[in-house]
Amino acid sequence: MSKLRVAVIGARGRMGAEAVRAVSAADDMELVAALGRGDPLTALTDAGAEIAVELTQPDSVMENLEFCVRHGIHGVVGTTGWTDGRIAELEGWLAASPGTGVLVAPNFGIGAVLTMRFAQQAARFFESVEIVELHHPGKADAPSGTAVRTARLIAGARQAAGLGEQPDATSTALDGARGASVDGVPVHAVRLRGLVAHQEVLFGDEGEIFTLRHDSMNRGSFMPGVLLGVRRVGGVPGLTFGLEHFMDLDG
Ligand SMILES: NC(=O)C1=CN([C@@H]2O[C@H](COP(=O)(O)OP(=O)(O)OC[C@H]3O[C@@H](n4cnc5c(N)ncnc54)[C@H](OP(=O)(O)O)[C@@H]3O)[C@@H](O)[C@H]2O)C=CC1
Ligand SMILES: O=C(O)C1=N[C@H](C(=O)O)C[C@H](O)C1
């Protein structure tokens, strides 16, 4: 069987370097290009890349994806900073390139995907919920893409269950003390040397606290998810948002 021809964009970064190692070590994949900042995107077509793993920064990802989609190169995207406007733009490019697939995964960690699913399930049972995400100080964005996605899933589940706003007497709070509100869910971002990527979701109700916590101790933790995305994305045209769609979570 022929190997999947894979490129990594952002190959010299923390995640990109790990992805280069993981793809190179996978028996069913061939690393055909490894691009850093300043390298021309035409290196992807020159190398005959079928799938590009995109691990750059929010200010670079759109240009890279537009090139990939227009050239029929499937994308496996870990880069964060996704807004409704950006998703609509990406969907527009995909509509003009039928057969091309892009996976955008806010988090490739299997445990992080499960945390999001369990948080969505738990949301309707608790009056209060807050998210604390904790990352290394080199992280460009705050709050994390994972925290934003988790908050939106929780908010959707609360709304579907008919829950109203959470009780919160903020009138005396110092600016920022209650975190950022993502669809009504407070999100707190910690940046601390020594951390990699961590998240806690705290649910509270009368007399009980329910906490979900996930810890990525190193970036190798994201690689099984990246490789799963690479193997699956070519068979799923259009946009897939979230690695859970490539996992049999209910099986
Ligand atoms: N979905 C997931 O599971 C995960 C997602 N992430 C996300 O992935 C992204 C990368 O994270 P991380 O590796 O820590 O960040 P880094 O800053 O370590 O790496 C990003 C790399 O991309 C390079 N780069 C920037 N623009 C371009 C471009 N146009 N073409 C090619 N290379 C480019 C940067 O170069 P330069 O240094 O010159 O700017 C840098 O080497 C972030 O958005 C982060 O949030 C991170 C971990 C897990
Ligand atoms: O920048 C990181 O490190 C991470 N970014 C992603 C995010 O913003 O959610 C995934 C993970 O948290 C690590």
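All ligand and atom numbering here is 1-based and tracks the order in the structure. No hydrogens, no waters, no symmetry mates; every other heavy atom, side chains included, goes into these values.
- Between R37 and ligand 1, an N or O atom pair is found at a separation short of 3.5 Å.
- Side-chain contact between I110 and L243 is present, with at least one heavy-atom pair separated by less than 4.5 Å.
- The two residues S128 and R158 come nearest to each other via the heavy atoms N-NH1, 4.3 Å.
- Residues V201 and F210 have side chains not in contact (no heavy-atom distance under 4.5 Å, counting atoms from C-beta outward).
- Side-chain contact between L202 and V132: present, with at least one pair of heavy atoms (C-beta onward) separated by less than 4.5 Å.
- In this structure, atom 44 (C) of ligand 1 lies nearest to the protein heavy atom T80 OG1, 3.9 Å.
- Here the rule is side chain to side chain contact (heavy atoms under 4.5 Å, CB included) with V102, and of L90, V236, I73 only L90 fits it.
- Using modelled atom types and a 3.5 Å distance limit, the side chains of T150 and Q199 yield a donor-acceptor pair.
- The atoms of ligand 1 that sit less than 4.0 Å from any heavy atom of P106 are 1 (N), 2 (C).
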task = Determine, step by step, whether I87 and V104 satisfy the side chain to side chain contact (heavy atoms under 4.5 Å, CB included) criterion, reporting the C-alpha distance in whole Å, the side-chain angles of both residues, the deciding distance to 0.1 Å, and the verdict.
result = CA-CA 9 Å; I87 289 170; V104 175; over 6 Å; no
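- I131 places none of its side-chain heavy atoms less than 4.5 Å from the side chain of V182.
- Using a distance-only test at 3.5 Å, with no hydrogens or angles considered, no donor-acceptor pair links the side chain of S221 to the main chain of S216.
- If you check which protein heavy atom lies closest to atom 23 (C) of ligand 1, you get G10 CA, 4.0 Å.
- Contact annotation: for T146 versus ligand 1, there are no heavy atoms closer than 4.0 Å.
- Given atom 16 (P) of ligand 1, the protein heavy atom at minimum distance is Q57 NE2, 3.5 Å.
- The two atoms that bring R14 and G138 nearest to each other are NH2-O, 3.2 Å, heavy atoms only.
- Considering backbone and side-chain atoms together, G16 places no N or O closer than 3.5 Å to any N or O of ligand 1.
- The shell of residues lying under 4.0 angstrom from ligand 1, judged by heavy atoms, includes K139.
- Distances from atom 34 (C) of ligand 1 to the protein include no heavy-atom value under 4.0 Å.
- Atom 40 (C) of ligand 1 has G13 CA, 4.0 Å as its closest protein atom, hydrogens excluded (heavy atom only).
- Which of G229, S60, G225, P58 comes nearest to atom 27 (C) of ligand 1 through a heavy atom is settled by distance: it is S60.
- If you check each of H136, R14, M15 against atom 4 (C) of ligand 1, the one with the closest non-hydrogen atom is M15.
- Atoms of ligand 1 lying under 4.0 Å from any heavy atom of F108, numbered from 1 in the order shown and given with element: 1 (N), 2 (C), 3 (O).
- For A11, no heavy-atom contact with ligand 1 is shorter than 4.0 Å.
- In this structure, R149 and F241 have side chains that are in contact, with non-hydrogen atoms separated by less than 4.5 Å.
- Geometrically, ligand 1 and F222 share no nitrogen or oxygen pair separated by less than 3.5 Å.
- When atom types are taken as modelled, the side chain of R232 and the backbone of F246 share a donor-acceptor pair closer than 3.5 angstrom.
- Nearest to atom 20 (C) of ligand 1 by heavy atom, out of T56, L243, T79, is T56.
- With hydrogens and angles ignored, the 3.5 Å screen pairs a side-chain donor or acceptor of E133 with a backbone N or O of S144.
- Near N107, meaning under 4.0 Å from any of its heavy atoms, are these atoms of ligand 1: 1 (N), 2 (C), 3 (O).
- Side-chain atoms of M29 and I51, non-hydrogen and from C-beta on, never get closer than 4.5 Å to each other.
- Distance remark: protein heavy atom present below 4.0 angstrom from atom 18 (O) of ligand 1.
- Note: an N/O pair closer than 3.5 Å links G78 and ligand 1 by distance alone.
- Looking at every heavy atom in both residues, A189 comes nearest to P143 through CB-CA, 4.5 Å.
- Annotation: atom 1 (N) of ligand 1 to nearest protein heavy atom, A105 O, 2.9 Å.
- For I9, every heavy-atom contact with ligand 1 shorter than 4.0 Å involves the side chain, none the backbone.
- In this structure a side-chain-to-backbone donor-acceptor pair under 3.5 Å is present from D205 to E127.
- The side-chain heavy atoms of S60 and I9, taken from C-beta on, include no pair separated by under 4.5 Å.
- Shown in contact with G36 at under 4.0 Å from a heavy atom are these atoms of ligand 1, numbered in order with element: 30 (N), 31 (C), 32 (N).
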Measure from every N or O atom of ligand 2 to the protein's N or O atoms and keep only the pairs below 3.5 Å, writing each with atom names and distance to 0.1 Å.
from, atom 1, to, atom 2, distance (Å)
ligand 2, 1 (O), K139, NZ, 2.9
ligand 2, 3 (O), H136, NE2, 3.0
ligand 2, 5 (N), K139, NZ, 3.1
ligand 2, 8 (O), K139, NZ, 2.6
ligand 2, 8 (O), G145, N, 2.8
ligand 2, 9 (O), G145, N, 3.2
ligand 2, 9 (O), T146, N, 2.8
ligand 2, 9 (O), T146, OG1, 2.5
ligand 2, 12 (O), H135, NE2, 2.6

